[in-house]
Amino acid sequence: MIEFVLDGRSRVATYMQLVLQVKQALRVGLLRPGDQLPRVREVAQTLAINPNTVHKAYRELELEGLAEGRPGVGTFVVNTLAGPSLANQGELREELVAWLRKAREAGLSREDIAALIDTTIRADFEPPAPQDLAAPADSRGA
């Protein structure tokens, strides 16, 4: 079962942090259709937040077709975000854990590692600028 963690420094709304954590768990296969999400009361007490915040997160997941509330029973996962690459994630995770250990040994802080990963992802996955897509100029000056 998923255990929620809140980042008090984040500018992301509390309910959305919960939604994003469920989506991450769905992407990596930690949550699967049929799994029950923690009860609203438990989440609210554990995180010291208003139960309405948890309700709002669960409603958002329902609207996105990822969860379904069953009165008197709880909220259950009904869909997944895991793609065909899920089978490869185990080995990649092991490599990532080894890399993170190496980064810590090199003196990088959690924030340094996050910044390095974030900037690398942005540079590697963002589409090229329109000027980079233009056909190369004719070198003969035509």
Side-chain angles (χ1 to χ4, degrees), residues 1-139 142:
M1 183 177 287
I2 188 170
E3 290 185 33
F4 294 110
V5 178
L6 294 179
D7 180 356
R9 297 176 299 162
S10 175
R11 292 184 179 180
V12 177
T14 302
Y15 88 94
M16 190 52 70
Q17 288 185 47
L18 301 178
V19 169
L20 293 173
Q21 288 176 48
V22 168
K23 287 181 173 183
Q24 283 182 330
L26 290 169
R27 267 189 194 13
V28 299
L30 293 176
L31 282 175
R32 294 188 168 96
D35 289 347
Q36 184 173 4
L37 295 177
R39 295 190 176 273
V40 169
R41 182 183 300 170
E42 293 169 10
V43 176
Q45 287 175 344
T46 301
L47 300 177
I49 60 175
N50 190 310
N52 289 332
T53 302
V54 184
H55 277 295
K56 185 173 183 178
Y58 286 7
R59 262 194 319 275
E60 179 67 26
L61 292 165
E62 288 179 26
L63 289 172
E64 292 187 30
L66 298 173
E68 173 184 85
R70 299 179 190 159
V73 181
T75 304
F76 293 83
V77 175
V78 295
N79 210 339
T80 186
L81 294 174
S85 66
L86 183 60
N88 301 322
Q89 288 184 21
E91 182 180 340
L92 291 170
R93 180 180 169 79
E94 289 175 16
E95 292 174 15
L96 179 58
V97 168
W99 183 88
L100 288 170
R101 195 172 298 120
K102 186 175 176 181
R104 284 194 302 265
E105 289 169 0
L108 276 72
S109 69
R110 180 184 181 103
E111 291 80 15
D112 295 336
I113 292 170
L116 179 59
I117 291 171
D118 188 48
T119 56
T120 304
I121 288 172
R122 260 189 272 123
D124 201 44
F125 286 99
E126 286 190 3
Q131 65 271 15
D132 296 337
L133 295 175
D138 188 345
S139 59

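When all heavy atoms are compared, the tightest approach of V43 to P38 is CG2-CB, 3.5 Å. The heavy-atom pair separating A67 from T75 by the smallest distance is CB-CG2, 3.9 Å. Smallest separation of non-hydrogen atoms from V77 and L37: CG2-CD2, 4.1 Å. When all heavy atoms of I2 and A25 are compared, the pair lying nearest together is CD1-CB, 4.0 Å. Contact record, L100 with I113: CD2-CG2, 3.6 Å, taken as the closest heavy-atom pair. Taking all atoms of both residues into account, the shortest heavy-atom contact from L108 to L116 is CD2-CD2, 4.2 Å.
Between F4 and I49, the closest side-chain pair of non-hydrogen atoms is not below 4.5 Å. Between L66 and V22, the closest side-chain pair of non-hydrogen atoms is not below 4.5 Å. The side-chain heavy atoms of R101 and V97, taken from C-beta on, include a pair separated by under 4.5 Å.
Put simply, the side chain of R39 gets close to the backbone of V73: a donor and an acceptor are under 3.5 Å apart. At least one donor-acceptor pair closer than 3.5 Å links the side chain of Q21 to the backbone N or O of V5. Within the 3.5 Å criterion, the main-chain N or O of S109 finds a donor-acceptor partner in the side chain of D112.
Other residues, nucleotides and ligands contribute more than 12 heavy atoms inside 6.0 Å of the CD atom of E95.
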Query raised in the report: What's the verdict on side-chain contact (heavy atoms from CB on, under 4.5 Å) for Q24 and L20, showing C-alpha distance, side-chain angles and the deciding distance?
Result: CA-CA 6 Å; Q24 283 182 330; L20 293 173; 5.6 Å; no

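The CD atom of E68 sits 14.5 Å away from the OH atom of Y58 when rounded to the nearest 0.5 Å. One distance of note links OG1 of T14 with CG of L47; it measures 9.0 Å at 0.5 Å rounding. Note that the CG atom of L81 and the CG atom of L31 stand 10.0 Å from one another [nearest 0.5 Å]. Remark: R70 CZ to Q36 CD distance equals 8.5 Å, nearest 0.5 Å. From Y15, atom OH reaches atom CG of L61 across 10.5 Å, with rounding to the nearest 0.5 Å.
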